[in-house]
Amino acid sequence: MSGSEFDVVVVGAGPAGSATAALLAERGLNAALIDRAAFPRAKPCAEYLSPEAGRVLERLGVLIRVRERAQELAGMTVVSPAGRRFTGRFAGAVPFRGFSDRGLALPRTVLDADLVAAAAVRGARVMERTRLERIGGANGRRTVEIRDGAGTRTLTARLVVGADGLNSRVAEQLGLTRRGRRRRVAFVTHMAGVAGVADVGEMHVGRGAYVGLAPVGPDLVNVAVVLDARGPIPGSSARERFESGLHRFGGVMERMRHAEVVGPVLAAGPFARTTLRATADRAVLVGDAADFYDPFTGEGVYAALRGAELVVEHVGDLIERDTLSAEALAVYDQARRDVFRSKWLIERAIAFAIDRPVLFERVADRLARRPRMADLLVGVTGDFVPPRAVLRPSFLAKLVL
Ligand SMILES: Cc1cc2nc3c(=O)[nH]c(=O)nc-3n(C[C@H](O)[C@H](O)[C@H](O)COP(=O)(O)OP(=O)(O)OC[C@H]3O[C@@H](n4cnc5c(N)ncnc54)[C@H](O)[C@@H]3O)c2cc1C
């Protein structure tokens, strides 16, 4: 193969793309991994990893390094608009155990750079500062037009993997997206001096908004403000909008009296796009490019890593056999549905409740009184309790009655 011919070109080197490239290269495939950014690079994210994410990080050989620089989280605390509070513990009183009894929180600059390095170590050809311009197809191959410091050139591949995130250009160019209805925007930064931070992640829900707090280092807290983009958000810069959003949360603001912002404020969203399916001829999507999780459940990184495993498991031998029509790749769509469908349902149910304060207060009240139910629900978002455990009619009835 020449320097521009690959078995697979993976577009985007976030967790989904790096993990996919690493696992395909490990299988002996000739994989290129391109990203418009140079690593380490920041990514707007609340920077919490569910306990089950550790399993895939271990498979990728980065868990020890990641753990060394991460804070461990014992669970999640949720605070309702009226101040009702419940905590679900990962090592709670439930008959399920995850890969670990702890979640992890660490800056994405660190995590993502480690994952890119893991892909390179396994033999993927990493091309940073390289932007996807256009995807085409010719002679039974995908063509990938890229632009880097030297200009524009074309790579060819049997398969293109679109791992280019929320506003995936790959998905758009392949006609796999449509506009969704939900519209939230997020502003995220790191702060020092936040009072009362313990070894749990926190979600504070307000009207049409929520704030996440996660300790990501010694006296360093990730603060993520997520707002309904349909309402007014005072401020012209990301920093001003972050601050005006945060001021809606009196309880959180009290703990910020001596706190200061110690990094850039990053903006993301609006999250309003949905993907019709994750496959086309000689192309698959993975991670946020395939479907975006509302940040509330903090599952995006796990879904990205798990999605990478599904690509390798279900598409790996199709690449080797060069059988990559949309029909042949439908097995990957099906596998994604099997693994993620129940989680999509729960995510939608949580988003529904967040937008309905009366319902949310009722659910928060029930979960505050029934810690085992809170453990189960947080275990589902931690990716180690099967969703069916909370989709049972008896569980749902106890939540609202
Ligand atoms: C506010 C917020 C909070 C969140 N909090 C959490 C959380 O606490 N826990 C959690 O698990 N998830 C969280 N998520 C979700 C999580 O950030 C994503 O699900 C995760 O980053 C998806 O990984 P990915 O690899 O699919 O995409 P990304 O991490 O977005 O990576 C995509 C990559 O593609 C590259 N790219 C894009 N376009 C091009 C192009 N044209 N050419 C070349 N490269 C390109 C980008 O530079 C980027 O590096 C949050 C998301 C938001 C917005």
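Each ligand, and each atom within it, is numbered from 1 in the order the structure gives. Sequential numbering from 1 along the given sequence is applied to the chain's residues. This structure is a prediction, so every number in the text was calculated from the model and none was measured.
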Which residue supplies the protein heavy atom nearest to atom 31 (O) of ligand 1, what is that atom called, and how far is it?
-> Gly14 CA, 3.5 Å
Numbering as shown, the atoms of ligand 1 that approach Val301 to under 4.0 Å (heavy-atom distance) | 10 (C), 11 (O), 12 (N), 19 (O)
Arg153/Asp148 ion pair, N-O < 4.0 Å = yes
Identity and separation of the nearest protein heavy atom to atom 49 (O) of ligand 1 | Asp35 OD2, 2.6 Å
Near Ala186, which atoms of ligand 1 are under 4.0 Å from a heavy atom of that residue?
-> 1 (C)
Apply salt bridge (Lys or Arg N to Asp or Glu O under 4.0 Å) to the pair Glu243 and Arg239, showing each step before the final yes or no.
-> CA-CA 6 Å; Glu243 284 171 356; Arg239 169 93 185 233; 2.8 Å; yes
Taking the inter-plane angle between the rings of Tyr48 and Phe90 on a 0 to 90° scale, is it parallel (under 30°), tilted (30 to 60°) or perpendicular (over 60°)?
-> parallel
Where is the nearest protein heavy atom to atom 9 (N) of ligand 1: which residue, which atom, and how far?
-> Tyr48 O, 2.7 Å
Say whether, by atom type as modelled, one donor and one acceptor occur between the side chain of Arg158 and the main chain of Gly140 under 3.5 angstrom.
-> no
May I ask you to identify the nearest protein heavy atom to atom 16 (C) of ligand 1, giving residue, atom name and distance to one decimal place in Å?
-> Arg108 NH1, 3.9 Å
Indicate yes or no: does Asp291 engage Arg336 in a salt bridge with an N to O separation below 4.0 Å.
-> yes
One finds that the ligand 1 atoms under 4.0 Å from a non-hydrogen atom of Gly287 are 26 (O)
Identity and separation of the nearest protein heavy atom to atom 12 (N) of ligand 1 | Gly300 N, 3.3 Å
Salt bridge (Lys or Arg N to Asp or Glu O under 4.0 Å) between Arg141 and Asp322, worked out = CA-CA 10 Å; Arg141 290 287 177 268; Asp322 201 15; 3.2 Å; yes
What residue and atom, counting heavy atoms only, is the protein's closest point to atom 52 (C) of ligand 1, and at what distance?
-> Pro44 O, 3.6 Å
Near Asp288, which atoms of ligand 1 are under 4.0 Å from a heavy atom of that residue?
-> 18 (C), 19 (O), 20 (C), 22 (C), 26 (O)
Proximity of Leu166 to ligand 1 by residue part, where a heavy atom lies under 4.0 Å = neither
Backbone of Thr156 reached by a side-chain donor or acceptor of Thr143 within 3.5 Å | no
Contact atoms of ligand 1, heavy-atom distance to Leu132 under 4.0 Å | 40 (C), 41 (N), 42 (N), 43 (C)
Carboxylate-amine/guanidinium proximity below 4.0 Å for Arg147 and Glu133 = yes
Can a non-hydrogen atom of Val188 be found less than 4.0 Å from any atom of ligand 1?
-> yes
Is any NZ, NE, NH1 or NH2 atom of the basic residue among Arg207 and Asp228 found under 4.0 Å from an Asp or Glu carboxylate oxygen of the other?
-> no
Short version for Ala268: what comes under 4.0 Å of ligand 1, heavy atoms counted, is side chain
Under 3.5 Å side-chain donor-acceptor pair for Ser50 and Glu52 | no
Hey, which atoms in ligand 1 end up nearer than 4.0 Å to a heavy atom of Glu47?
-> 7 (C), 8 (O)
Nearest neighbour of atom 45 (C) of ligand 1 from the list Arg41, Met127, Glu128, Arg36, on a heavy-atom basis = Arg36
Counting heavy atoms only, which of Pro15, Ala163, Ala46 comes nearest to atom 4 (C) of ligand 1?
-> Ala46
Stepwise side-chain contact (heavy atoms from CB on, under 4.5 Å) check, Phe86 with Thr77 = CA-CA 6 Å; Phe86 66 87; Thr77 293; over 6 Å; no
Shortest protein heavy-atom distance from atom 14 (N) of ligand 1, along with the residue and atom involved | Cys45 SG, 3.8 Å
Going by the order shown, which atoms of ligand 1 are within less than 4.0 Å of some heavy atom of Ala16?
-> 24 (P), 25 (O), 26 (O)
Test: Arg348 cationic atom under 6.0 Å from Phe352 six-membered ring centre, within 45° of axis = no
Side-chain ion pair, Asp355 and Arg184, N-O less than 4.0 Å = yes
Which residue and heavy atom of the protein sit nearest atom 30 (O) of ligand 1, plus the separation | Lys43 CE, 3.3 Å
If you count the atoms of ligand 1 from 1 in the order shown, which ones are under 4.0 Å from a heavy atom of Thr130?
-> 43 (C)
SB check Asp114 Arg69 (cutoff 4.0 Å) | yes
Hey, is ligand 1 close enough to Val226 that some N/O pair sits below 3.5 Å?
-> no
When you look for heavy atoms under 4.0 Å from ligand 1, do you find them on the side chain of Glu299, its backbone, both, or neither?
-> backbone
